[in-house]
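Structure record follows, encoded as structure tokens.
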Amino acid sequence: MILQSEPTKTTCPYCGVGCGVIAEVEANGEVSIKGDPGHPANFGRLCSKGSALGDTLDLNGRLLHPEINNQRASWDEALDLVALKFSDAIRDHGPDSVAFYVSGQMLTEDYYVANKLMKGFIGSANIDTNSRLCMASSVAGHKRAFGADTVPGTYEDLEMADLVVLVGSNLAWCHPVLYQRLMAAKEQRPEMRVVLIDPRRTMTADLADLHLAIENDGDVALFMGLLTHLKQSGSFDQAYIDAHVNGMDDALNASFWFDVAEVARRTGVARNDIETFYSWFATTEKTVTVYSQGVNQSQSSTDKVNAIINCHLATGRIGKPGMGPFSVTGQPNAMGGREVGGLANMLAAHMEIENAAHRNIVQDFWQSPALPQKPGLKAVDLFQAVGDGRIKALWIMSTNPVVSMPDAGAVEDAIKACPFVVVSDVMAETDTIRHAHVKLPATAWGEKNGTVTNSERRISCQRAFMQAPGEAKPDWWQMAEVGKRMGFGQAFDWASPAQIFAEHAALSGVENNGSRDFDISAYAGISDAEYENLQPFQWPQSYGEKPKETRFFGNGDFFTPDKRGRAIAINAPEPKSNHGLFTLNTGRVRDHWHTMTRTGKSARLSAHMAEPYCELHPDDAAAFGVIDAGLVILSNELGNVVLRALISPRQRKGAVFAPMHWSDQNAANARIDRLVGPVVDPISGQPALKAGLVSVEPYQPQSYGFAVSAKEPIVGTFPYFSKAIASDGWRSEFAFATMPDDLETSLRKMFGVGTHAELIAYHDNALAQQRFAFFEGEKLIAAAFLSRDPVTVSRSVAAADLARDFTNRQSRFGVIATRPSFDQPDPGAQICACFGVGANQITAAVKSGCLSVEAVGKATSAGTNCGSCKGEIRSLIAGLYESEIQNVQGILEQQDII
Ligand code: SF4
């Protein structure tokens, strides 16, 4: 339902770039989405995910009413029960017997209330967040080096730099608009250099002048070697170090034996490439080092962060235009969570839980009965405590840990065994909410108001433009109501998120006077009307200050007691043997987000990568007998998954990559984090989500299958199955271990085909191929293609058939003949999500003489809207694999492009 018919300025809910969005509800009820030209994060740009936000706003699958034990309940019943169960657990077992597991998807106001309730009034620090999985090591590294969790720079620094070093960051897919800003800057100043440090040759590599394909975790040694090189080449800024940095001698001593030969041994990178990188870094004053999950999701991640920061402190390149270390966050509000103390080891407003003075400030301000004096359980420990019975009541908000946590199978078992589990979510069915005793319907993006903070410390509003459906309520309201029912009434008596924001802002200024980095006390007295019109701004903004663009540490003052930065002496981990197993690297794809509860609703986003896959190097595929479009089993002691093989020279030998997005809701057996052990960085507690170990073996089903259907398919017990929404129905990939006795009946059940539907079938026993097409009237309602070998039907053509009218028998035979449609050639695998342009169309344009991304754009429109696919277009133009593109279909169409 429309709340606001005027265009509404809001903020994208996906990644940490934090792009401004203008949403407008059209007369027909559809929502148009545009980039906000006035927003300083994106200046009007959006990536494919942001552009498709309008596709994700329907109510299909939404949780619209509270439920207790899967029965509809009133809000009063549900909230009373939550308050009672938490109070009972605290009375009987103490405050540490309860826990919240929250999310970087939450708004700052929600996060503030969660933290206040748990730390301020329940009296436990057992609140942690899925941001622990994303950037906890950057927090820890910042605090070690700067004395506070401060991101020093701004996005503009990437554009101003002469050298941008991207470490463990697939910026092109994971922070696409920032990548576009960098790409545009490099186009304007081709002399700007970009170095990519990543085991994989990701799409980001196409922008890089130098790609260092390091061994997993080789980046600690790489940056220790860089520190040594900077010293030996006379590149230290000794005056800056003398005036502003402690510990540099110790850091250097720890690194001194890391010469180029040692670094080459530990990283697997050629010596001359290491020397080139070191020389560029040493001689380029304006250098920015950007890092994200490839750095943070490691057992040595805090050391990696400090190894990078050491090099910037040694050269004095921090907090100045075009210079500095730069952590980019994965989630839209990881930074906001940090600001309110959403991590178990932090207190509100960037204060320290173990600092008595800070505890006093917060306790006085909140007028709370007690604050915990020690950190609570971090995510991995928290779910282990749930599993061993220490946690009696657990509230999970806006996140899906049964899919996203490491050792996800054990996490699911723990949640199932927990005496009382509450889940607040927008979706009625997720892998986590299915185990909840109480389900609380939350408002979604477009229905709620609040703020988020992006990776450059910029606070922007998410604003509602639609009515909350059913009985959905904001997270802050849910927690405030529980707080009141637990007897903490006055402290949780807000009427609006504006009042929460004002309180949060006021706390940030208490006894601050520049002693703490986070200060937004300028907004302590903000009214509802001012909050409604709040413009994006960067912190700090202390009381009485005018908004300004900011960097930290340019003056050499840090937040340590002596105001000096700290270089950290690091012990580089010895390279580990994989014992013949493959390193499992997990991560994101371009067009999906987390566990797909939102992006999985968009046909255009789902078309880019429509099934779960495992990317592996051609030599490894050959050695293990994995075939193009075949299936692979990844396994270890924690379990196994079955994925589609995507064979690509972009993948490093000895390692495989698998996306984190697929869950039991859309695939039979693809929850990849089941195979990642609960191994964490000892300082930050962040899990090593890119360092699992698995064996790889091919899986040969009796038959592969692909289908399109008008109805949503039923996921049965298959060795392999995945479904994805298409424009006019669904597309499914599956495999039969053994053929059903009655195949036709099985297919009818899978795809909801009634007995009255007309069937056209084709069987080729020699080729072991079978094809079925079911029609009702002039419409195709399902078509299934089965083969002993991977099915090579064009997925896009078959999906498009669901929208066509089949007026005669000849046209119906065309479906099972798998000929491209009568009037349209096969577009091939989708490359451009905005305009639905496929690889075959782009290849045709290239063959006709379009030899630049711009020329392809003019000919096909591909890449001319959000630009997220420009890397893939560039790869196609390069023609590296052009001939093979014609030969494979489905997700395997992508293998030569990504
Ligand atoms: Fe959203 Fe894309 Fe911007 Fe990230 S880069 S905030 S996903 S539009």
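In listed order, ligands and their atoms are each counted from 1.
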Can you tell me if, anywhere in C19, an N/O/S atom lies at a distance from atom 3 (Fe) of ligand 1 that is smaller than 2.8 Å? yes

Atom 2 (Fe) of ligand 1: which protein heavy atom is closest, and how many Å away? C47 SG, 2.3 Å

Close-contact set for ligand 1 against C12 heavy atoms, below 4.0 Å: 1 (Fe), 6 (S), 7 (S), 8 (S)

Between H608 and W173, ring centroids under 6.0 Å: yes

How far apart are the closest heavy atoms of V288 and M323, and which atoms are they? CG2-N, 3.8 Å

Check ligand 1 against V177 and write out every atom of the ligand that is under 4.0 Å from a heavy-atom position of the residue. 3 (Fe), 5 (S)

Ligand 1 atoms in contact with P176 (distance to a heavy atom under 4.0 Å): 5 (S)

Centre-to-centre under 6.0 Å for Y14 and W445, is that the case here? no

Are H504 and F518, when compared by the centres of their aromatic rings, separated by less than 6.0 Å? yes

For the residue pair R671 and W662, would you count it as a cation-pi contact if the rule is NZ or CZ under 6.0 angstrom from the ring centre and within 45 degrees of the ring axis? no

Any atoms of ligand 1 less than 4.0 Å from a non-hydrogen atom of L46? List them with their elements. 8 (S)

Examine Y291 together with F326 and report whether their ring centres are nearer than 6.0 Å. no

Within a distance under 4.0 Å of any heavy atom of G18, pick out the atoms of ligand 1 and give their elements. 6 (S)

Confirm or rule out an N/O/S atom of C15, from backbone or side chain, lying less than 2.8 Å from atom 4 (Fe) of ligand 1. yes

Under 4.0 Å from a heavy atom of Y14: give me the atoms of ligand 1 that qualify, with their elements. 7 (S)

Ring centre gap for F537 and Y523 strictly below 6.0 Å: yes

